[in-house]
Amino acid sequence: MTISVGLVGAGPWAEKVHAPALAAGPHTRLAGVWARRPEAAVRLGAPVFERIEALFDACEAVVFSVPPAVQAELGVLAAKAGKALLLEKPLAADLDGARQLADAVGEAGVASQMCLTWRYSAAVRAFLARVSAIEPFGGHATNISGAMLGGDFDSPWRLERGAILDVGPHMIDMLDAALGAVVGVRAHGNPTGWVGLLLEHETGAVSEASLCLTAAGQTPPSRVDVYGRLGRESVDRNALGPDVFATMIAEFAETVRNGGGHPLDALHGLRLQEIIDAAEAQLG
C-alpha cells in the first residue's frame, strides 16, 4: 500500500532530498506541499496548498523539513489532525517544545519517526551489531565541518545555536546506540565554535563527542569509534551510502501501516533533546 504524504517546508533540504525521495515511490506518494513561502513550494513539483489544514486533509502522513521551532508548532497541529509524522532532528528548538510535540503524538496515538539518517545506513547497522562483541567501555564521535561558513544550509537557527542543536543529535544518538542510553552529560566550549561533550552511559561506559561547524578548509568525514576489551569498531560518514533516505522513507511507510512502533520515534527524539538541553544549559 502506497502512503500519501504531505511535505511541510520548501527550503534547500526539502527541494534536494525530501521532495524527490517522497515522489519517487514506491512506498510513498507526494500529495502536496505547504510552506510559509508558497513561491518556494512551487519548485518542488507537487500541488501547493495555501492552508496547512488543507494539506492535512489530503494526506495520511506528514514529513517535516522546517526549522526546529516551526516543527514543534506545526507538528502538534498535524498530530491533532491524526497524521503520522516523519520528524527532522532536533525534535524542537527547546525542551518545552519537544515535550509538547511528544505529548501531542502520544495523546493522538499517531505514528512517528525521526530523521536520524545515520541509523538507516546498512553499514551503521552492521557496525552497531558488531559493537556488543567487543565488550565496549568507551567511544568517541566527531562531526567537524565548515557548514556554518556559507552555503545552502547556514540557516538562521544553525547560525544562532550552532553545532549541538544541529549535528549533536546524530552523534549523541550514535554513541547512545553503541554504548547504552546516555544518562549524564558535561559540556564545554562554544556552541558556534568548538564544543566538547563528555557522555555517561547507563552501562557504565563513557564517551566523548567533538562538534564544530565553523572549521575552515578541508575537514575529515564525521566518524564514530567504539573501544572495548576485545577490540575496536569504527564507522564514518563515507560508509553511509546513497540509499539512506530511501530506506528511511520505506521504513516510515511501514511505520504508518503498522500504526507506530519504530524505535526512533518522537519519544526517542525527546530523550535526545533532554541531553542537548542539559549540554546547552552548561554552556550558558
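Here the structure is a predicted model, which means the values were calculated and not measured. All residue numbers in this chain count up from 1 along the given sequence.
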What is the minimum heavy-atom distance between [X] and [Y], and which atoms define it?
{"X": "T2", "Y": "P26", "result": "OG1-O, 3.3 Å"}
{"X": "V62", "Y": "A78", "result": "CG2-CB, 4.3 Å"}
{"X": "A92", "Y": "L165", "result": "O-CD1, 4.1 Å"}
{"X": "G193", "Y": "C212", "result": "O-SG, 3.3 Å"}
{"X": "A21", "Y": "I249", "result": "CB-CG1, 4.3 Å"}

- Query: Does E50 CD have over 12 foreign heavy atoms under 6.0 Å away?
  - Reply: no
- Message: Take a 6.0 Å sphere around CZ of R125 and say whether it holds more than 12 heavy atoms from other residues, nucleotides or ligands.
- Response: yes
- Could you give all pairs that pass the side chain to side chain donor-acceptor pair (under 3.5 Å) test and reach residues 182-196, with sequence neighbours left out? R186-E200, N190-T192
With side chains defined as the heavy atoms from C-beta onward, is the minimum distance between [X] and [Y] less than 4.5 Å?
{"X": "V124", "Y": "V244", "answer": "no"}
{"X": "P191", "Y": "E280", "answer": "no"}
{"X": "F252", "Y": "C115", "answer": "no"}
{"X": "Q113", "Y": "D265", "answer": "no"}
{"X": "V42", "Y": "R37", "answer": "no"}
{"X": "I172", "Y": "K89", "answer": "no"}
{"X": "L179", "Y": "L199", "answer": "no"}
{"X": "D173", "Y": "W118", "answer": "no"}

Determine yes or no for a side-chain-to-main-chain donor-acceptor pair under 3.5 angstrom, with [X] supplying the side chain and [Y] the backbone.
{"X": "Q71", "Y": "L91", "value": "yes"}
{"X": "E233", "Y": "A133", "value": "no"}
{"X": "R43", "Y": "E15", "value": "no"}
{"X": "Q100", "Y": "A72", "value": "no"}
{"X": "R237", "Y": "N143", "value": "no"}
{"X": "S4", "Y": "A31", "value": "no"}

- Item | side chain to side chain contact (heavy atoms under 4.5 Å, CB included) between Q282 and V185, worked out | CA-CA 9 Å; Q282 293 173 33; V185 58; 4.2 Å; yes
So, taking the atom named [atom1] in [X] and the one named [atom2] in [Y], what distance separates them when rounded to the nearest 0.5 Å?
{"X": "L74", "Y": "F56", "atom1": "CG", "atom2": "CZ", "result": "6.5 Å"}
{"X": "L30", "Y": "I3", "atom1": "CG", "atom2": "CD1", "result": "13.5 Å"}
{"X": "D57", "Y": "I52", "atom1": "CG", "atom2": "CD1", "result": "11.0 Å"}
{"X": "S112", "Y": "K83", "atom1": "OG", "atom2": "NZ", "result": "15.5 Å"}
{"X": "E208", "Y": "T142", "atom1": "CD", "atom2": "OG1", "result": "12.0 Å"}
{"X": "M174", "Y": "D225", "atom1": "CE", "atom2": "CG", "result": "10.5 Å"}

- Using the side-chain contact (heavy atoms from CB on, under 4.5 Å) rule, pick out the option among L86, L44, V63, V17 that qualifies with L22. V63
- Message: Quick check on the 6.0 Å ring-centre criterion: do H18 and F245 meet it?
- Response: yes
- Query: Is a salt bridge present between E202 and R271, judged by a nitrogen-to-oxygen distance below 4.0 Å?
  - Reply: no
- Between R257 and E254, is the closest basic N to carboxylate O distance under 4.0 Å? yes
- Step by step, work out the side chain to side chain contact (heavy atoms under 4.5 Å, CB included) result for E251 and R119. CA-CA 12 Å; E251 291 190 11; R119 297 288 294 277; over 6 Å; no
- Determine, stepwise, if the pair H268 / H262 fulfils side chain to side chain contact (heavy atoms under 4.5 Å, CB included). CA-CA 10 Å; H268 184 75; H262 199 280; over 6 Å; no
- Message: Could you walk me through whether L283 and I164 satisfy the side chain to side chain contact (heavy atoms under 4.5 Å, CB included) test, starting with their C-alpha distance in whole Å, then the side-chain angles of each, then the deciding distance to 0.1 Å, before giving a yes or no?
- Response: CA-CA 11 Å; L283 298 175; I164 294 181; 3.4 Å; yes
